[in-house]
Amino acid sequence: MTNIFSLVAPFFGLILLGYGAAHLLGRRDGAGPARPGLEGMSWLNVYILYLALPSLFFTLISRTPIHELTRFDFILADVAATYSVFTLIFVVALWFRRAPLAEATVQGLAAAYGNIGYMGPGLALLALGDRAAVPVALIFSVENVAHFIMAPALMAIAGSEKQNPARLALSVLRKILLHPFILATTIGVAAAAFQVQPPLAIRRLIEALAPTAAPCALFAMGVTLGLRPLKRAPVELTYIVPAKLLLHPAVMYLVLSAAGNFEPIWVQAAVLLAALPTATNVFVIAEQYGVWQERASATILITTALSMLSVTGLLYLIGSGGVPADLFP
């Protein structure tokens, strides 16, 4: 257990450092011009989004045998597990809580969209090793594409998006194809397929950027959470939090075990990513459409805090053999 704590402490420690820095030095509610607010995070987020994380994905994927990058059975099983959780919470919000369609969409994303971009790669690679890079990259790319399609489509049905269908479809397609993570993954797959690498100078630059991705992303996440104070805990968290932190990884494990004979490291990586807290992108989506913003922020904060316990417990189970690769041999 000491080894597991030593493993996760740096990750959650970086979030806590960012959170503490925001509370000590950050400006909230316009309280003084001398302290940085959320606008001060913009260039750090640019660095993470456009340079550090894409470099990490390219570095890992470009060195992977191409046959491992085309496991469509794994991709389909992962999406099926994630969207079964989304559908459950979406239906609960829509039919039992009588929430509007737009709010039900954000609630479903809060339960199914984990922090697979900022927390996922660094934690999975440190906990499981470099062999986890391929499933992590596949999960990130495919799930983000699915979420980027699902959110605007449902918001359009809800009437929150005023663009005509053709323009909306073009906008969604552009966001998918030009997303820096997906671009980096695509280029990495091409490099793996043709067994080419960039020139030495560019390769060294990419390799210098890649290790900075996780610490910068986790610190930025902590600052962002610290600058959005929790005003109240919404009642919806009573079912969203257990769905995200407990149900999602359990369903992922069951679906992958039933779907095929995957490498143990692939199953463990998928379950670990499913157990991560709600992604900060859920707040971005909520704010973009003017729906459920404060409660989305509260969901991210609370699931992140509680994931310190749930993720630590899951890593202990993985390390002790409590998460076998195949439940249905």
Side-chain angles (χ1 to χ4, degrees), residues 10-11 13-15 17-19 21-22 26 36-64 69 113-126 130 132-145 147-148 173-194 196-227 269 273 276 279-285 287-288 300 304:
F11 286 87
L14 283 164
I15 296 174
L17 284 173
Y19 188 85
L38 277 173
E39 69 280 358
M41 293 293 296
S42 57
W43 284 110
L44 179 58
N45 285 328
V46 166
Y47 174 78
I48 295 166
L49 183 66
Y50 289 94
L51 297 173
L53 280 171
S55 295
L56 176 63
F57 281 122
F58 173 82
T59 299
L60 296 172
I61 293 172
S62 64
R63 299 172 180 173
T64 302
L69 299 173
Y113 195 171
N115 203 326
I116 53 178
Y118 278 11
M119 293 181 68
L123 181 58
L125 293 176
L126 185 59
D130 286 350
V134 178
V136 168
L138 289 176
I139 290 169
F140 174 85
S141 299
V142 173
E143 286 198 10
N144 270 302
V145 168
H147 298 321
F148 292 162
L173 183 63
R174 187 185 300 115
K175 288 177 182 177
I176 293 169
L177 295 178
L178 297 182
H179 193 285
F181 294 174
I182 294 173
L183 278 174
T185 300
T186 303
I187 296 170
V189 170
F194 294 103
V196 296
Q197 288 291 329
L200 180 60
I202 296 176
R203 187 164 70 247
R204 285 179 174 173
L205 176 60
I206 292 172
E207 291 172 352
L209 289 168
T212 67
C216 290
L218 293 169
F219 181 82
M221 180 182 170
V223 172
T224 302
L225 292 174
L227 293 176
L273 264 62
L276 294 177
T280 52
N281 275 349
V282 174
F283 174 80
V284 173
I285 292 169
E287 195 165 60
Q288 178 183 357
I300 294 164
T304 300

Problem - Step-by-step side chain to side chain contact (heavy atoms under 4.5 Å, CB included) determination, L276 to L123 - result: CA-CA 10 Å; L276 294 177; L123 181 58; 3.9 Å; yes
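- When the shell of 6.0 Å around CZ of R204 is examined, it contains 12 or fewer heavy atoms from other residues, nucleotides or ligands.
- Applying the salt bridge (Lys or Arg N to Asp or Glu O under 4.0 Å) test to R63 and every residue at least two apart in sequence or in another chain returns E207.
- Once rounded to the nearest 0.5 Å, the distance linking CD1 of I15 with CE of M119 reads 4.0 Å.
- For T280, there are no side-chain hydrogen bond (donor to acceptor under 3.5 Å, both in side chains) partners, not counting sequence neighbours.
- No side-chain heavy atom of P54 sits under 4.5 Å from any side-chain heavy atom of L183.
- Here E287 pairs with nothing under the side-chain hydrogen bond (donor to acceptor under 3.5 Å, both in side chains) rule; sequence neighbours left out.
- Within the structure, the salt bridge (charged side-chain N to carboxylate O under 4.0 Å, His left out) test picks out no pair touching residues 40-61 (sequence neighbours left out).
- Residues I61 and V134 form no side-chain contact, since every pair of their non-hydrogen atoms from C-beta on lies 4.5 Å or further apart.
- Remark: A191 pairs with F58, S62, V196 by the side chain to side chain contact (heavy atoms under 4.5 Å, CB included) rule, at least two apart or across chains.
- The two atoms that bring A220 and L44 nearest to each other are CB-CD2, 3.8 Å, heavy atoms only.
- The side chain to side chain contact (heavy atoms under 4.5 Å, CB included) test applied to L178 returns R174, not counting sequence neighbours.
- The distance from atom CG of L138 to atom CG of L273, rounded to the nearest 0.5 Å, is 11.0 Å.
- With sequence neighbours left out, L205 forms a side chain to side chain contact (heavy atoms under 4.5 Å, CB included) with L209.
- Here the closest heavy-atom approach between residue A269 and residue V136 is recorded as CB-CG2, 4.4 Å.
- Partners of Y113 by ring pair (Phe, Tyr, Trp, His ring centres under 6.0 Å), not counting sequence neighbours, listed by chain and number: H147.
- Side chains of N144 and I116 form a contact here, defined as non-hydrogen atoms less than 4.5 Å apart.
- Sequence neighbours left out, the pairs with a member in residues 47-57 that pass side chain to side chain donor-acceptor pair (under 3.5 Å) are Y47-T212.
- Screening residues 210-220 for salt bridge (charged side-chain N to carboxylate O under 4.0 Å, His left out) gives no qualifying pairs among residues at least two apart or on separate chains.
- Taken to the nearest 0.5 Å, the CG atom of L56 stands 12.5 Å off from the CD1 atom of I48.
- To the nearest 0.5 Å, atoms CZ (F219) and CG (L17) are separated by 7.0 Å.
- The distance from atom CD1 of I206 to atom CD of Q197, rounded to the nearest 0.5 Å, is 8.0 Å.
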